[in-house]
Amino acid sequence: MGSQMKMFSGPRLGFLRPTILSTSFTGLPVTRCFSTTSPALDWLTPKYAERSKSPKGRPHVATGGSSRGTTVVWGDYGLRMKDHDRRLPAQHLKIAEETIKRRLRGMKYTLYKRVSANIGVYTKGNEQRMGKGKGKFDYWTARVPVSRIVFELKGDLHEKIAREAFRLAGHKLPGLWEFVDKSTPPVVGITKLGNGVTLESLKRARRSPALGTENLPNPPKSTSSSTSPTAPQ
C-alpha cells in the first residue's frame, strides 16, 4: 500500500495542482447569464397562468352596433370569420400561421395576429363521476366572435398570392372564412355595411309607427288582443 502511495506522489501529481495562468482575461468577452430585456410575448400562450379555471363561456358578440375588429387595420389583406362564433384552439392557430409562412417563404411581408389564445380548456377522462372539480388543463384556446379578423398581411405581395395563402390557412381552421382588404366595408353582426345599409338604418326601429302618429311626441303603443280590455256583457 505504501509503495502504491509513493508511486502517485512527487512530480507525477503536477498536472493536478492549480497553476497560475500568465495570460490575462481582459481580452475575453464578458457574457451575462441572464437577459435584461423582457421575453417576447407568445400569442398562443398567455404570459401568466390562470389563477382560477376559466368557464366554458361563449365569445362576446357585440349587439349594440359595434363593428370593431371587422376591418383591416395594420395590414393590406386579412382573413375574417364568416359563419358564426366559436373557440379556436391554439394548435389550430399555430398550424394556420405555419401554413401562411410556408406559402410566403422567401417573400418580404409582415404577419399580424389579431387574436390571443388566453382561455384555458379543462377536460376529464372517460367514465368519471359527477363533481370532484373541473378537471385537468388540456389546451389554450381563443374565443373568436363572428366577423372577426384573425390574420393580417402587409408587404410587397400580390393580391392573388395573399388570397392563396389565406385560402390554405382557412382550410386548417374550423368554420368558414373570407378574404378581405382595405376596401372591404365593416360588419355589424353578420350584416355588411354599404350599398345603402348604414349603422343608423340598422339601429332604427324596424316597425313603422301607426298612421298619423309620426309627429306626436309620444306615439301610442300598439296593444295585442290578449292585453286589450274586454267589453262588459
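Just so we're clear, the structure is a prediction, and the values are computed from it rather than from any experiment.
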Item to check | Intermediate values then yes/no, side chain to side chain contact (heavy atoms under 4.5 Å, CB included), L44 and Q91 | outcome: CA-CA 8 Å; L44 298 174; Q91 188 65 22; over 6 Å; no
Next on the checklist: Donor-acceptor pair, distance only, cut-off 3.5 Å: does the side chain of T45 make one with the backbone of D42?
Outcome noted: no
Item to check | Reported OH-to-CD1 distance for the pair Y109 and I100, which is rounded to 0.5 angstrom | outcome: 8.5 Å
Checklist entry - In Å and rounded to the nearest 0.5 Å, what is the CD1 to CD distance from I161 to E164? => result 9.5 Å
Checklist entry - K53 side chain to G135 main-chain N or O, any donor-acceptor pair under 3.5 Å? => result yes
Next on the checklist: Please give me the minimum heavy-atom distance between A90 and A117, naming the atom from each residue.
Outcome noted: CB-CB, 3.9 Å
Next on the checklist: How close do V144 and V150 get, counting heavy atoms only, and between which atoms?
Outcome noted: CG1-CG2, 4.3 Å
Item to check | L79 CG to R167 CZ distance, which is reported to the nearest 0.5 Å | outcome: 12.0 Å
Next on the checklist: Using a 3.5 Å distance criterion without hydrogens, assess whether the side chain of K108 forms a donor-acceptor pair with backbone atoms of L157.
Outcome noted: no
Checklist entry - Atom OG in S147, atom NE2 in H84: separation rounded to 0.5 Å? => result 12.0 Å
Checklist entry - In terms of hydrophobic clusters joined by side-chain contacts under 4.5 Å, are L111 and M81 together? => result yes
Side-chain donor-acceptor contacts of residues 175-185 below 3.5 Å, not counting sequence neighbours, with atom names and distances?
unit_1: W177; atom_1: NE1; unit_2: P174; atom_2: O; d: 3.1
unit_1: E178; atom_1: OE1; unit_2: K192; atom_2: NZ; d: 3.3
unit_1: E178; atom_1: OE2; unit_2: R80; atom_2: NE; d: 2.9
unit_1: E178; atom_1: OE2; unit_2: R80; atom_2: NH2; d: 3.1
unit_1: D181; atom_1: OD1; unit_2: S183; atom_2: N; d: 3.3
unit_1: D181; atom_1: OD1; unit_2: S183; atom_2: OG; d: 3.0
unit_1: D181; atom_1: OD1; unit_2: T184; atom_2: N; d: 3.2
unit_1: D181; atom_1: OD1; unit_2: T184; atom_2: OG1; d: 2.7
unit_1: D181; atom_1: OD2; unit_2: S183; atom_2: OG; d: 3.4
unit_1: K182; atom_1: NZ; unit_2: V73; atom_2: O; d: 3.1
unit_1: T184; atom_1: OG1; unit_2: D181; atom_2: N; d: 3.0
unit_1: T184; atom_1: OG1; unit_2: D181; atom_2: O; d: 3.4

Next on the checklist: Treating E50 as the side-chain partner and I119 as the backbone partner, does any N or O pair qualify as donor plus acceptor under 3.5 Å?
Outcome noted: no
Next on the checklist: Which label fits F151 and W43: parallel for a plane angle under 30°, tilted from 30 to 60°, or perpendicular past 60°?
Outcome noted: perpendicular
Checklist entry - Any chance NZ of K94 has more than 12 other-residue heavy atoms, nucleotides or ligands included, within less than 6.0 Å? => result no
Checklist entry - CH2 of W140 to OG of S54: how many Å apart, nearest 0.5 Å? => result 7.0 Å
Checklist entry - Does E152 reach the main-chain N or O of G78 with its side chain, forming a donor-acceptor pair under 3.5 Å? => result no
Item to check | Check ion pair R163-E159 (N to O, under 4.0 angstrom) | outcome: yes
Checklist entry - Given the rule that I, L, V, M, F, W and Y join up when any side-chain heavy atoms are under 4.5 Å apart, are Y77 and M107 in one cluster? => result yes
Checklist entry - Taking C-beta and beyond as the side chain, do R58 and R87 meet within less than 4.5 Å on heavy atoms? => result no
Checklist entry - What's the shortest heavy-atom distance between G189 and V146, and which atoms? => result O-CG1, 3.7 Å
Next on the checklist: With a 3.5 Å distance limit and no angle check, can you tell me whether T141 reaches the backbone of L88 through a side-chain donor-acceptor pair?
Outcome noted: yes
Checklist entry - Can you find a heavy atom in the side chain of E97 that is under 4.5 Å from one in the side chain of K113? => result yes
Checklist entry - Atom OH in Y122, atom CG in D138: separation rounded to 0.5 Å? => result 10.5 Å
